[in-house]
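Residue numbers begin at 1 in each chain, while the letters A, B, ... track the order of the sequences. Here the structure is a predicted model, which means the values were calculated and not measured.
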Amino acid sequence: MTSKSADVPDSLYRRIYAVVKKIPRGRVASYGQVARVAGLERHARMVGYALHALSEGDVETVPWQRVINAQGYISIRSNPMAAKIQRKILEHEGVEFNEKDKVDFKKFGWKK
DNA sequence: ATCGTGACGAACG
DNA sequence: CCGTTCGCCACGA
């Protein structure tokens with residue numbers, strides 16, 4: 001079979017979503033970490049792109065809010081409203097933000 | 001097929 | 001710690 005792309009009936013995004021689903025409640029992971037676990041080492045941007053493209057259906061099954069940038073900050077730019085919601089949910093899950101709106105990976109980072 | 005864009009990140013100074 | 005630059009590459013127009 002020739003399969004080049006084929007496959008990936010689920011495509012690249014599906015693969016990324018599968019990893020995000022593994023992040024436990026009360027924890028956060030960076031885009032780069034998710035990419036790495038998904039076998040996409042240098043594709044952190046693709047992870048962000050994938051989450052940005054979440055369908056309304058997947059948005060309820062994929063814990064997208066648990067993915068933040070490597071600096072510990074929420075990274076949504078184009079949608080300020082979503083960023084606020086993201087923080088709200090994370091705090092509800094027990095993740096804390098310091099006075100600079102930053103999350104400490106030492107305490108809340110996902111340790112695979 | 002080319003081009004601009006972007007939920008990123010590492011490297012510099 | 002802060003701003004800037006550069007590399008990566010799928011996606012949509």
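With contacts defined as side-chain heavy-atom distances shorter than 4.5 Å, the pair A:Glu93/A:Arg66 qualifies. Put simply, the side chain of A:Arg45 does not reach to within 4.5 Å of the side chain of A:Tyr31, judged on heavy atoms. Considering only heavy atoms from C-beta on, A:Glu96 stays 4.5 Å or farther from A:Val103 through its side chain. Residues A:Tyr17 and A:Leu12 are not in side-chain contact: their nearest non-hydrogen atoms beyond the backbone lie 4.5 Å or more apart.
Of all heavy-atom pairs spanning A:Arg36 and A:Glu41, the tightest one is CG-OE1, 3.2 Å.
For A:Ile16 and C:dC11, the CD1 to P distance is 9 Å, given to the nearest whole Å. Remark: C1' of B:dC8 and CD of A:Glu41 are 13 Å apart, rounded to the nearest angstrom. Rounded to whole Å, atom P of B:dT5 lies 15 Å from atom CE of A:Met46. Residue A:Arg15 contributes atom CZ, which lies 15 Å from atom C1' of C:dA10 at whole-angstrom precision. We find that CZ of A:Arg36 is positioned 19 Å from P of C:dC8, with the value rounded to whole Å. The CD1-C1' distance, from A:Ile89 to B:dA7, rounds to 14 Å in whole Å. Rounded to an integer number of Å, the gap from A:Gln33 CD to B:dA10 P is 11 Å.
Proximity of A:Ser30 to the phosphate of B:dG9: a side-chain N or O atom is located under 4.0 Å from OP1 or OP2.
In this structure, A:His43 reaches the sugar-phosphate backbone alone: every heavy-atom distance under 4.0 Å involves primed, P, OP1 or OP2 atoms, never a base.
Side-chain proximity of A:His52 to C:dA10, B:dA7, B:dC8: nearest is B:dA7. Here the side chain of A:Tyr49 is nearest to one of B:dA7, C:dC11, B:dG9, namely C:dC11.
A distance of 10.5 Å separates CD in A:Gln86 from CG in A:Asn79, rounded to the nearest 0.5 Å. Atom CD1 of A:Ile23 is separated from atom CD of A:Gln65 by 9.0 Å, given to the nearest 0.5 angstrom.
If you check distances only, the side chain of A:Arg45 does reach the base of C:dG7 with a donor-acceptor pair under 3.5 Å.
Within residues 61-84 of chain A, the residues approached by DNA chain B to less than 4.0 Å at the level of any non-hydrogen atom are A:Trp64, A:Asn69, A:Ala70, A:Ser75, A:Ile76, A:Arg77, A:Ser78, in residue-number order.
Positionally, the nearest nucleotide of DNA chain C for A:Lys100 lies more toward the 5' end than for the other of A:Arg42 and A:Lys100.
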